[in-house]
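Only this structure's heavy atoms are used, side chains among them; waters, hydrogens and symmetry mates stay out. The shown structure was predicted, so the numbers you read here are calculated from the model rather than taken from an experiment. One-based numbering, in listed order, for ligands and for the atoms of each.
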Amino acid sequence: MAPKTDKQKSKYTVDRGWPGGFEGETLTRRGFMTGVALGAGGVASAMFGLPALGFALGPIFEKTEHRALLDVGSTKDFNGDTYLPAVITTTAGIGQAGKTLIYVRKNTNPTDKQPWPYIAISTRCAHLGCPVRFIEAARSFVCPCHGGTYNYEGEVTGGPPVRPLDRFETFVKSDRVLVGERFSVNSQLERVPTRDPGAHVDGFWQVLYPPRPTV
Ligand code: FES
């Protein structure tokens with residue numbers, strides 16, 4: 001192979017005989033624009049791709065910190081016939097904003113799916129998170145925002161909510177009822193990882209709504 005001439009070694013586009021070369025330029029405009037377009041495409045792809053990747057993979061690296069069990073009253077305070085309200089602190093250090101209302105009743109029929117001695121139902125609506133209320137006369141939970149309704153077990157009976165109301169773990173120690181972590185339940189009332197309001201937990205849909213560390 002013939003050795004390169006000085007012009008072929010030159011950094012200038014004109015010397016190298018490149019199409020579109022211009023006196024004094026080391027890069028053609030086409031090459032420059034191609035580089036800019038590729039760079040912008042890479043940035044745009046990263047803007048869309050990285051958050052989605054983080055959202056999907058985040059739960060894998062999640063380090064769950066379990067908060068202390070919360071005392072909601074004596075075992076004598078609750079029975080299996082109706083729910084009683086109790087206020088618990090789910091996020092410490094932020095005052096009233098960290099407190100939430102739950103409804104508690106005795107679990108008169110523990111099963112493999114729901115082995116907890118007490119049923120503690122979250123008041124966070126499974127549609128968009130409005131606070132639901134238990135209506136004793138109807139033995140139902142009702143959401144004031146968009147008309148979501150749930151039966152005595154917290155299963156959806158009407159309106160837009162996509163899954164039953166979340167629940168909390170419960171324990172008994174020294175005749176006190178203690179409340180632990182929140183969890184979501186699917187349409188079979190089986191425990192599943194906690195989801196945000198609006199997130200589906202049944203069938204294929206649950207793949208599209210992965211749990212997040214912050215729920
Ligand atoms: S937030 Fe409860 S029905 Fe919409």
Side-chain angles (χ1 to χ4, degrees), residues 51-52 54-56 58-59 62 64-65 67 70 72-73 78-107 109 111 113-114 116 118-170 177 179-215:
F55 185 72
E62 172 189 356
T64 304
E65 283 183 24
R67 58 172 164 72
L70 304 167
V72 293
F78 304 98
N79 60 56
D81 297 333
T82 191
Y83 287 96
L84 284 182
V87 175
I88 61 170
T89 300
T90 51
T91 306
I94 57 172
Q96 292 299 316
K99 297 183 188 302
T100 187
L101 182 74
I102 63 173
Y103 286 101
V104 183
R105 70 172 162 86
K106 192 169 187 311
N107 187 5
N109 183 26
T111 62
K113 292 182 196 170
Q114 296 297 326
W116 316 104
Y118 288 78
I119 300 292
I121 300 267
S122 167
T123 53
R124 188 177 69 174
C125 183
H127 177 220
L128 295 178
C130 285
V132 303
R133 283 183 52 217
F134 178 65
I135 307 297
E136 172 67 51
R139 293 177 74 75
S140 300
F141 296 88
V142 176
C143 179
C145 291
H146 312 103
T149 55
Y150 305 82
N151 66 14
Y152 194 65
E153 296 295 332
E155 298 166 295
V156 180
T157 52
V162 297
R163 64 167 198 266
L165 291 168
D166 288 350
R167 299 183 172 204
F168 289 84
E169 301 168 339
T170 60
V177 179
V179 169
E181 298 295 324
R182 171 197 292 275
F183 60 90
S184 297
V185 291
N186 61 20
S187 57
Q188 306 301 309
L189 295 183
E190 295 164 332
R191 179 174 183 165
V192 296
T194 316
R195 300 296 213 284
D196 284 311
H200 295 253
V201 295
D202 283 291
F204 175 73
W205 284 102
Q206 62 187 297
V207 179
L208 301 178
Y209 294 89
R212 293 189 309 112
T214 54
V215 289

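Its N, O or S atom nearest to atom 4 (Fe) of ligand 1 is what matters here, and for His146 that atom is ND1. Nearest N/O/S atom of His127 with respect to atom 4 (Fe) of ligand 1 is recorded as ND1.
None of the N, O or S atoms belonging to Cys143 lies under 2.8 Å away from atom 4 (Fe) of ligand 1. Here Cys130 does not reach atom 4 (Fe) of ligand 1: none of its N/O/S atoms is less than 2.8 Å from the metal. At least one N/O/S atom of Cys125, whether from backbone or side chain, sits less than 2.8 Å from atom 2 (Fe) of ligand 1.
Counting non-hydrogen atoms of other residues, nucleotides and ligands closer than 6.0 Å to CZ of Arg105 gives a total above 12.
Taking the six-membered ring where the residue is Trp, Trp116 and Phe183 present tilted rings, their angle falling between 30° and 60°. Using the six-membered ring where Trp is involved, His127 and His146 have ring planes that are perpendicular, over 60° apart on the 30 and 60° scheme.
Taking 4.0 Å as the cut-off between side-chain N and carboxylate O, Arg191 and Glu181 do not count as a salt-bridged pair.
To the nearest 0.5 Å, the span separating CZ on Arg167 from OH on Tyr103 amounts to 15.5 Å.
Taking every non-hydrogen atom of Gly148 and a distance limit under 4.0 Å, the qualifying atoms of ligand 1 come out as 3 (S).
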